[in-house]
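Worksheet: the structure to be examined is printed underneath.
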Amino acid sequence: MEKTYQPQAIEGKHYQRWEENNYFQPSGQGDSYCIMIPPPNVTGSLHMGHAFQQTLMDALTRYHRMAGRNTLWQPGSDHAGIATQMVVERQLARDGISRHDLGRETFIDRVWQWKEESGNSITGQMRRLGDSVDWSRERFTMDEGLSNAVREVFVRLYEDDLIYRGKRLVNWDPKFHTAISDLEVESKEEQGSLWHFRYPLADGAKTAEGKDYIVVATTRPETMLGDTLVAVNPEDERYTNLVGKEVELPLVGRRLKIVADDYVDLEFGTGCVKITPAHDFNDYEVGKRHGSVLLNIFDQDAAVLAEAEAYDYQGKPVDYDTALPAGFAGLDRFEARKKIVADFDAAGLLDSIKDHTLMVPRGDRSDAVIEPWLTDQWYVSAKPLAEPTIKAVENGDIQFVPKQWENTFFAWMRDIQDWCISRQLWWGHQIPAWYDNEGSFYVGRSEADVREKHNLGSDVALTQDEDVLDTWFSSALWTFSTLGWPDDTEMLKTFHPTDVLVTGFDIIFFWVARMMMMTMHFIKDDDGKPQVPFKQVYITPLIRDENGQKMSKSKGNVIDPIDLIDGISADDLVAKRTYGLMQPKLEQKIEKATRKAFPDGMEPSGTDALRFTLTAMASQGRDVNFDVKRLEGYRNFCNKIWNAARYVQMNTEGEDCGQNGGDVELTLADRWIISGLQRLEADLERYYSNYRFDLMSQALYEFIWNEYCDWYLELSKPVLWDDNASAERKRGTRRTLVRVLETLLRLAHPVMPFITEEIWLSIKDLAGKTGDTIMLQPYPRADETKIDATAEADAEWLKGVIVGIRNIRGEMNIAPGKELPVLFQNGSSEDQRRLQENETFLKTLAKLESITWLNEGDDAPPASTQLVGQLKVLVPLAGLIDVAAEQARLSKAIDKAKQDLARVEGKLSNESFVSKAPEAVIAKEREKAEALAASVRELEGQLTQLDELG
RNA sequence: AGGACUAUAGCUCAGUUGGUUAGAGCGCUACCUUGACAUGGUAGAGGUCUCCAGUUCGAGUCUGGAUAGUCCUACCA
């Protein structure tokens, strides 16, 4: 083995071998265990969030595989309709081509080409991360099988009246020319104005104040072209007399009825609201209540039409005055706004303009202001689908971890709105509906299916709906479509319901909830009970940068996990972060921040260190800040493991390690480390079951570094280097050394697959193990019979004595190499036994020249003292120790002990504590008080002696 | 507007059903290249657990309130 840990030298070769040997495929033995990967967007690349979640999924997968489960981790990717189409359109735009220049078919071919390129880079990254997914089952949401499932689901939902088509207000993205769902709209606070317009009252009506006009306030003046009503609050005495009267809409000349509606807030603005039912969601409802028409004034670019379009609430065209004033046709909505305001001003009808902060809805992909727009779209009735999922979470069939996320889920689910699933895009699953020339439509699995079902001869021309389905529609089927549904496959029977979904809270609504709805509707047990898609949902925190900022390309703080693994120079990192920015002016800012955060770029840390870091950060919070410092610490941990293994190998290779039997004698150190190992195994099992990856990795770190390396390896040296030690004793130590190491490797393997495999292969023979890979070895389980309380107590004593002596060395500035004589005073027979059994350990680890046991009455020389229980460990002063320094040290120790004693005695003298606290707690406090009092006595005695001496 | 979450060492974070002296990594101080490891070892410094009140024999932990921050949902034209 190399002297230092070189991750790049050992990673990679193992992955290829694992994959070639099909180790990632389900074994076919044992109970099933299945995780479906949240399919990454096929045109993206993996970021820290993916690395984080995939590490946790891989750890779970490897753990359960080793624990004997029939394990499947299903990989795949998502076609990400709008995002992908956008990327490819942007590529085309560089050559001045639009998708319309290419035509639908050619454009889609281009997207497929890009998918091939990009998809390969993702799967490459996943391999670098060590993901043990079953590549033979890789799926893509646009695969034939999955597309078939999408069609099947669409048709069945339609037949169940759970999908319908209708002309409704939707969130329209005027940039991408598509409808989007509520979830894809992000409202942000922006500065705007509140314009107050005067609407003249018709037929000579007057307000209570005697004015011949009323004032309406609006943040969107351009929508006045589509006004159909004016509303006031029924309780508003200022306007009671006007309800039922009309106003004449300026510029347009249309007459609007004044209606009373609770929706209007008396306090806000003027208390009069203009109602534009076809361009505002609230107005839509108001209009519906008052029998208004829907008056659409915009085209798909949100530019003003030459003539408005009027519909009733069933979406049927109706007769209505649709004339619009001249000069607006073709104007963009913001241009139209300016002109409207100017025209009102010119007409003397602009009452006032006030600054106003409002929430502006923007498309999460396009950033364009979303326009509520009347279009024909397809919807899923969400409520009936949501009900069973709410029950499933309520009764525990599906559990969220951490549990608090169930509240988030319920809040959304109980107030769920119908889901607009059609998108006016080219890239995606085309909607399986066909139209004839009469305006009728037919839903079916294919054109032929439709013709057959509806007796449509070849003389009837049919054209398929041009729209595609929302990406989340196909990913909502992910848990069962990947397993072969709608066919009744063996895979489905074996692995569904899956065990756990590992994902972030940001897609609970987008994906998790919808997956639950679809799965429970379509997948049923033999007795008809709906199957859940997964039994648990583990919600991971979100990864942010070291300052708590969300990682994003535009902030220039994105970290590519591969850069952490391989390292990257500062120049390359800057180049990467500033490449292809949407806003080039950010370049300097990003370069500056990057050079400040990573002046020397990033050191290569290897996959195992990265994975361990990510695991250690997986606490129960909402987000975690990724700090590269932490990664460095865990890279050192890998080096520690590496070197510990080297030590073990150097001391066992070619030696008898008991793999072929033979008597062994176990030392205290052996029994102690074996005992501790059982506790570790039990802890890890618990941490896996409750998804406490942070505690799991902390437990591993702690045991390997602070127990096994710091103490056990050191304790093995006196045995192995002792020419007089018996063969049994040496064999026992070597066997323990190598067996504990081998066990630790298996325990750590799910988190650190590469280093553990590398070391395991080189020491497996010494441990008497066979097999070609650690990843198929059994996961260690605790054996309670090996927990040895006596050994643990003895070891604590031994460590206490050694640390005590080291403490004196440290504080008295005695050279570490200087061999010391020590004396033991006031020891019990137990202390004496422990000394006899462990004299060699003590002498070696504390670097002692001699140990003298003082019986009662024996004189002790002036010395520096440490207490280990009642036992006094004395290091004689002569020639070694500064009396003043020792006095200071003792005083400090006495103060500390007195303080503690005072607190404990305070507790014990408290009447109510003694009468109300449990026996065990009181007894503990009593013991503590006694021990502290004894310590104070002893230390004060020592101090007095020194004072006499000085 | 409603709801959720967070506040612990200089920094990033653990702290399970209330019960020893509140822990880890990084950073900091001193000493040490000793035959696994300087990506290391030994010893050490550093915390009024945001604030106030309450429950309790006992609160970092439970309850109420305040302050600060983050997020989600909804939205007044």
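The structure displayed is predicted, hence computed values, not measured ones.
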Mark up nucleotides 25-41 of chain B, 5' to 3', with B wherever a protein heavy atom is under 4.0 angstrom from a base atom, S wherever such an atom reaches only the sugar-phosphate, and - elsewhere.
SS-------BBBBSBSS
If we call it a pair only when both distances are under 3.5 Å in a Watson-Crick or G-U wobble match, what pairs with [N]?
N	answer
A9(B)	none
C28(B)	G44(B)
A38(B)	none
A1(B)	U73(B)

If I pick the [atom1] atom on [M] and the same atom on [N], what distance separates them, to the nearest angstrom?
N	M	atom1	value
G41(B)	A4(B)	P	46 Å
C13(B)	U39(B)	P	27 Å
C72(B)	G65(B)	P	24 Å
U20(B)	G27(B)	C1'	29 Å
U67(B)	A24(B)	C1'	29 Å
U50(B)	G10(B)	P	13 Å
A45(B)	A9(B)	C1'	11 Å
U8(B)	A68(B)	C1'	16 Å

If you only use heavy atoms from C-beta on, which nucleotide in C5(B), U21(B), A77(B) is closest to the side chain of D265(A)?
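Of the options given, the side chain of D265(A) lies nearest A77(B).
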Looking only at the side chain of A917(A) (C-beta and beyond, no hydrogens), which of the listed nucleotides A77(B), G19(B), U21(B) gets closest?
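So the side chain of A917(A) is nearest to G19(B).
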Can you tell me if the side-chain N/O atoms of [X] get under 4.0 Å from OP1 or OP2 in [N]?
X	N	answer
N625(A)	C13(B)	yes
H356(A)	A77(B)	yes
T408(A)	A4(B)	no
R692(A)	G15(B)	yes
R903(A)	U21(B)	yes

I need the single residue from L614(A), T613(A), L610(A) that forms a side chain to side chain contact (heavy atoms under 4.5 Å, CB included) with L564(A). Which is it?
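So, applying the side chain to side chain contact (heavy atoms under 4.5 Å, CB included) to L564(A) and each of L614(A), T613(A), L610(A), only L610(A) qualifies.
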Quick one: is the NZ or CZ of K640(A) closer than 6.0 Å to the six-membered ring centre of Y5(A), and within 45° of its axis?
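K640(A) over Y5(A) ring: no.
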Decide yes or no on side-chain contact (heavy atoms from CB on, under 4.5 Å) for V273(A) and F268(A), but give the supporting numbers first.
CA-CA 10 Å; V273(A) 184; F268(A) 190 88; over 6 Å; no
Checking N639(A) now: which residues fulfil side-chain hydrogen bond (donor to acceptor under 3.5 Å, both in side chains) with it, not counting sequence neighbours?
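Scan of N639(A) (side-chain hydrogen bond (donor to acceptor under 3.5 Å, both in side chains), adjacent residues dropped) gives N643(A).
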